[in-house]
There are 2 protein chains.
Amino acid sequence: MSPRPRTRIQQKNSEAILDAALDVFSRHGFRGATLDQIATTAGLSKPNLLYYFPSKKAIHVALLSALMDNWLQPLRDLDPEAADPVAELLGYVRRKLEMSRDMPRESRLFANEILQGAPRMGPALESELAGLVADKARVIEGWAAEGRIAPVHPKHLIFSIWALTQHYADFDSQVRAVLGPGEPDPYPEAAVYLDTLFTRLLAR
Amino acid sequence: MSPRPRTRIQQKNSEAILDAALDVFSRHGFRGATLDQIATTAGLSKPNLLYYFPSKKAIHVALLSALMDNWLQPLRDLDPEAADPVAELLGYVRRKLEMSRDMPRESRLFANEILQGAPRMGPALESELAGLVADKARVIEGWAAEGRIAPVHPKHLIFSIWALTQHYADFDSQVRAVLGPGEPDPYPEAAVYLDTLFTRLLAR
DNA sequence: GTCTATAAAATGATAGAC
DNA sequence: GTCTATCATTTTATAGAC
């Protein structure tokens, strides 16, 4: 839905718009975001912004679909042939936590969309996401059946990994308020805690 | 900020407005919500709605502050003198999951506010919430020091309980999309899963 | 208390000059 | 490609009749 960037300046402006839109949509959701805010953040006028994208909705869709692939890559990479299934799952947790740390706006963009009932991503969730999770749930179930990890509900295990890692991005302001100003970066401690949690849950 | 309800009809309308506002704010966040939507949902005209509350902001503040108390009650109730600390913490998890099941709109209202950086609740988080968590974290630390629960970072333990239980309310549409139409109610399975998870994490 | 009418500002989007 | 000017709607809020 966005014009394919051809010149260098188009490339640069398209990226600036998408970056600004990520800022605004991730904080305020689709309806709470305004083109004015996005244009100002991107350093462009509103009509110029609408020269690159035909509508507010088009920007939102461009962001969501560009993100979906990257967001699910760590789960796709979960290796059914892994020598150590517990370590493989701990690695997945670590990668997801790193994504929360390094891409908090992307996490909040998704969170906003899901909170609102997934009006735009609904179909993608029911097909692509549900299919991938079903696939990996079978892998996890196999590991449990072979006694290589402790028995556990595979889909709820995946939910718990998402919930725990994304919490540090989505609820960042609450986490920092609770930890107080003495502890500026919660991620190192979170990494240790989550490693402990999933080790105790999964190790035989 | 809301007029104290005196007559029966004022009582009824105030409640209808707050209930409708909870619907709309919890889905769309503060800026994404409109008075039109709230008024229509409440079955009132827009000017009539503004007879009861002076502004959109006043409705939002009324909801948030009325909710804060109820929301934290289970954590306040965590008993330092409990005979069985693991069971006490599992009971807290169960109560929080029941709140997600029975009050999903309230959970999403908070989630939206935190996602947006807690513009209205920020001070309450830094004082009331941070104080309560610090208090209960000392209790949990004491239990661990006495060897009555496994050693664990107390504040991240609390974060993980919030993240895991609220996930089922806040990300309901994703959970249902992933589980598919065959499993209409995820809560019974979630209760079993979370009980297992925290037992393995905390039991000695 | 509730309504119609309306003001005042904001917001998404377009026209057209340069 | 980018801008100023502007339009059409939506949105928050008020005025004033009943």
Nearest to the [X] side chain among [options], which nucleotide is it?
{"X": "A/Leu50", "options": "D/dC3, C/dT14, D/dT12", "answer": "C/dT14"}
{"X": "A/Pro47", "options": "D/dA15, C/dA15, C/dG1", "answer": "C/dA15"}
{"X": "A/Gln10", "options": "C/dT2, D/dG1, C/dA13", "answer": "D/dG1"}
{"X": "B/Lys56", "options": "D/dT2, D/dA13, C/dT4", "answer": "D/dA13"}

Figure out the [atom1]/[atom2] separation between [X] and [N], and round it to whole Å.
{"X": "A/Phe30", "N": "C/dG12", "atom1": "CZ", "atom2": "P", "answer": "8 Å"}
{"X": "A/Arg31", "N": "C/dG12", "atom1": "CZ", "atom2": "C1'", "answer": "14 Å"}
{"X": "A/Ile38", "N": "C/dT11", "atom1": "CD1", "atom2": "P", "answer": "12 Å"}
{"X": "B/Leu35", "N": "C/dC3", "atom1": "CG", "atom2": "C1'", "answer": "17 Å"}
{"X": "B/Lys46", "N": "D/dT11", "atom1": "NZ", "atom2": "P", "answer": "8 Å"}
{"X": "B/Leu49", "N": "D/dT11", "atom1": "CG", "atom2": "P", "answer": "14 Å"}
{"X": "B/Leu44", "N": "D/dA13", "atom1": "CG", "atom2": "P", "answer": "16 Å"}
{"X": "A/Asn48", "N": "C/dA13", "atom1": "CG", "atom2": "P", "answer": "16 Å"}

Look at all strands and tell whether B/Ile9 reaches a base, only sugar-phosphate, or nothing, counting heavy atoms closer than 4.0 Å.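 If one applies the 4.0 Å heavy-atom cut-off, B/Ile9 turns out to touch the sugar-phosphate alone, with no base involved.
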Base, sugar-phosphate, or nothing for B/Ala33, non-hydrogen atoms under 4.0 angstrom?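 Sugar-phosphate, no base atom in range.
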If you compare every side-chain N and O of [X] against the phosphate oxygens of [N] (OP1, OP2), does one of them come in below 4.0 Å?
{"X": "B/Ser45", "N": "C/dC3", "value": "yes"}
{"X": "B/Thr34", "N": "D/dT10", "value": "no"}
{"X": "A/Tyr52", "N": "D/dT2", "value": "yes"}
{"X": "B/Asn13", "N": "C/dT2", "value": "yes"}

Under 30°, 30 to 60°, or over 60°: which ring-plane class applies to A/Phe159 and B/Tyr168, parallel, tilted or perpendicular?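 Taking B/Tyr168 first and then A/Phe159, their aromatic rings stand perpendicular (interplane angle over 60°).
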Tell me, please, whether B/Phe30 has B/Lys56 positioned over its six-membered ring: NZ or CZ under 6.0 Å from the ring centre and within 45 degrees of its axis?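 Because its charged atom sits under 6.0 Å from the ring centre and within 45° of the axis, B/Lys56 does stack over B/Phe30.
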Does any part of the side chain of B/Phe25, heavy atoms only, come nearer than 4.5 Å to the side chain of B/Arg108, both counted from C-beta?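 Contact flag for B/Arg108/B/Phe25 side chains = no.
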Salt-bridge contact B/Asp36-B/Lys46 (side-chain N to carboxylate O under 4.0 Å):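 Answer for the salt bridge query: yes.
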Pair A/Asp172 + A/Arg105, salt bridge at N-O below 4.0 Å: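 Between A/Arg105 and A/Asp172 there is no salt bridge, as every charged N stays at least 4.0 Å from the carboxylate O atoms.
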